[in-house]
Protein chains: 2
Amino acid sequence: MSTTADTQTATTLKKSAYHHGDLRAGLIEATRQLVEQNGPDGFSVSDACRLAGVSTAAPYKHFKNKGEMLVAVCVEGMGRLRANMQSAVADIPLGDPRRVTVIGGEYIKYALAEPACFKLKFGGFTDGMDDDALKAAGEAVFDTAKAEVAACIGESEITPIVQQKAFMLWSFVHGLSFILEDKDLAEMGPEIEIEPLLADITRRVLSD
Amino acid sequence: MSTTADTQTATTLKKSAYHHGDLRAGLIEATRQLVEQNGPDGFSVSDACRLAGVSTAAPYKHFKNKGEMLVAVCVEGMGRLRANMQSAVADIPLGDPRRVTVIGGEYIKYALAEPACFKLKFGGFTDGMDDDALKAAGEAVFDTAKAEVAACIGESEITPIVQQKAFMLWSFVHGLSFILEDKDLAEMGPEIEIEPLLADITRRVLSD
DNA sequence: TACATATGTTAGAGTTTCTTACTTTGACAA
DNA sequence: TTGTCAAAGTAAGAAACTCTAACATATGTA
């Protein structure tokens, strides 16, 4: 390595300790961790700043307020959920009802893996926030489900019947996710196994 | 009215302006209103005190902390929900699947009538709170549902099949409640009517 | 009447969100 | 090289919030 290169590298890596590099992303990750740790309501901007190593005023250069930080976490989460769904069905032929079951399973799996993010999006925290990116991310997930239902019942477009069946299945896995997430609630359905339950409800809803 | 009665009444009604009378109940109601107004996360003890007309320290004679105030609101809400269910099925013969449909309808109706209370109980706010009264109130609601399912499929006790079917129906109405409550989510199921949807899913789940 | 108890209040410590005014850094043009 | 500018940080502080401690007042009972 030449001396010049060394100098350049050192300069680049130093990051000057003043400018963070990508504080926005850093804060989103810090927020996600804290929310996942302390629950959706036990999050403070101050904590996120401590974790990211910046002053408590720094976030306000990147987000309008605390709520926008939480919304950003949700948007990222919905993106991950959709990606999970798509890779999970990749090996199953189109029109196979197992695709629907697997998609539902991914929904639940996500809810259990990132419970705080899930509650953040669907638990009423982001209700009045009206963020377009978040809305779009959510719709993309549901569109995926509708397409699978259509393929299963042999429809080439999203007819009212497809809408209705997809909506039923969504309601079911959505509710199931919330219930399984809450220890006290999950205890009320003791000897129940998720996979067979999912396959069962899928069959019932997709049938005529 | 006699003078004596007048004096007594006046004394009783005066409430001495120092002692509230029933501050615990007053604070629960104030909390409910505020939570319903500003969303589950937009509630402050201070606001409740202003609304009830007492100092910000007064609640701590009745509740351990903010969380306990919210839990108390949930417990009252679950009680109302159960009462609604019971009076709604009173005129339908036992074993009629319409009883199950109606119970589900009441669940959803409650969720839409007191959305913030509903989210408070089920949205993760009371997760780590572990309150026995709250847990019991929730179980009482589910027990009601299980009994109806058992009657419909001709079982005299809560068998695993009954458990499974009741759990399915609960998951469904639970998820549907959350979805309908959220304007952005409800838009995703546009031309869907709740009553027929409920009857449809009930039939599918109760069938063999 | 007098005391114990329940239920209030005031004052204040310690956090929290968010604003304002200032500083540092990096990039680019002259 | 140097001057300018926008972007991204800091420090300090206002306003609000939760909760505690110490004190005050009312109520019920012996």
Side-chain angles (χ1 to χ4, degrees), chain A residues 4 7-31 34-35 37-73 120 125-126 128-129, chain B residues 7-31 33-35 37-73 120 125-126 128-129:
Chain A
T4 317
T7 310
Q8 275 181 344
T9 307
T11 311
T12 310
L13 290 183
K14 190 180 50 181
K15 294 207 164 158
S16 67
Y18 187 90
H19 279 297
H20 177 283
D22 190 356
L23 183 56
R24 191 186 144 85
L27 283 172
I28 290 178
E29 177 54 19
T31 301
L34 286 170
V35 162
Q37 217 170 76
N38 311 332
D41 47 340
F43 159 74
S44 77
V45 177
S46 310
D47 277 341
C49 290
R50 268 188 286 278
L51 194 59
V54 294
S55 75
T56 58
Y60 296 91
K61 297 291 175 185
H62 299 274
F63 304 95
K64 198 178 151 205
N65 53 30
K66 180 180 175 177
E68 257 194 14
M69 294 176 69
L70 294 173
V71 167
V73 169
L120 218 48
F125 289 87
T126 60
M129 293 189 179
Chain B
T7 310
Q8 275 182 341
T9 309
T11 310
T12 310
L13 289 182
K14 190 179 52 177
K15 297 208 163 154
S16 67
Y18 189 90
H19 280 298
H20 178 282
D22 190 356
L23 183 54
R24 191 186 143 84
L27 283 172
I28 290 178
E29 176 55 19
T31 301
Q33 280 180 30
L34 286 170
V35 162
Q37 215 170 77
N38 310 332
D41 48 339
F43 161 73
S44 77
V45 177
S46 310
D47 277 339
C49 291
R50 268 187 286 280
L51 195 57
V54 294
S55 76
T56 57
Y60 295 91
K61 298 291 177 186
H62 300 273
F63 305 95
K64 200 180 149 203
N65 53 31
K66 180 179 176 178
E68 258 195 12
M69 295 175 69
L70 294 173
V71 168
V73 170
L120 218 47
F125 288 88
T126 60
M129 294 190 181

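Keep in mind the model is a prediction, meaning the values are calculated, not measured. The sequence lines fix the lettering, A, B, ..., with proteins before strands; numbering per chain opens at 1.
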When the distance from CG of B/Leu23 to P of D/dA26 is rounded to whole Å, what number comes out?
-> 16 Å
Student check: side-chain heavy atoms of A/Leu120 and A/Val35 closer than 4.5 Å = yes
Separation of B/Asp47 atom CG from D/dA15 atom C1', in whole Å?
-> 14 Å
Gap between atoms CD and C1', on A/Glu68 and C/dC18 respectively (whole Å) = 13 Å
Rounding to 0.5 Å, atoms CZ (B/Phe63) and CD1 (B/Ile28) come to a distance of 4.5 Å
Presence of B/Lys61 side-chain N/O under 4.0 Å of C/dA6 phosphate oxygens OP1/OP2 = no
Rounded to the nearest Å, what distance is computed from the CZ atom of residue A/Phe43 to the P atom of nucleotide C/dT16?
-> 11 Å
Quickly work out the A/Met69 CE to C/dT16 C1' distance and round it to whole Å.
-> 13 Å
Nucleotide D/dC17, atom C1' - distance to OH of B/Tyr60 in whole Å | 8 Å
Would you indicate, yes or no, if C/dT15 has its OP1 or OP2 atom less than 4.0 angstrom from a side-chain nitrogen or oxygen of A/Arg50?
-> no
Measure from CZ on B/Phe63 to C1' on C/dG8 and round the result to the nearest Å.
-> 15 Å
Any luck finding a side-chain donor-acceptor pair between B/Gln37 and B/Gln33 under 3.5 Å?
-> no
Earlier contact from the 5' end, DNA chain C, for A/Asn65 and B/Ser55 = B/Ser55
Just to confirm, is there a sub-4.0 Å distance from OP1 or OP2 of C/dG8 to any side-chain nitrogen or oxygen of B/His62?
-> yes
Pick base, sugar-phosphate or nothing for B/Ser44, based on heavy-atom distances below 4.0 Å to the nucleic acid.
-> sugar-phosphate
So do B/Asn38 and B/Phe43 actually touch side chain to side chain, heavy atoms under 4.5 Å?
-> no
Do the side-chain N or O atoms of B/Ser46 get closer than 4.0 angstrom to the phosphate oxygens (OP1, OP2) of D/dA16?
-> no
Let me know the distance between CG of B/Leu27 and P of C/dG8, rounded to the nearest Å.
-> 8 Å
Evaluate the side-chain proximity of A/Ser55 to A/Cys49: yes if any heavy-atom separation is below 4.5 Å, no if none is.
-> no
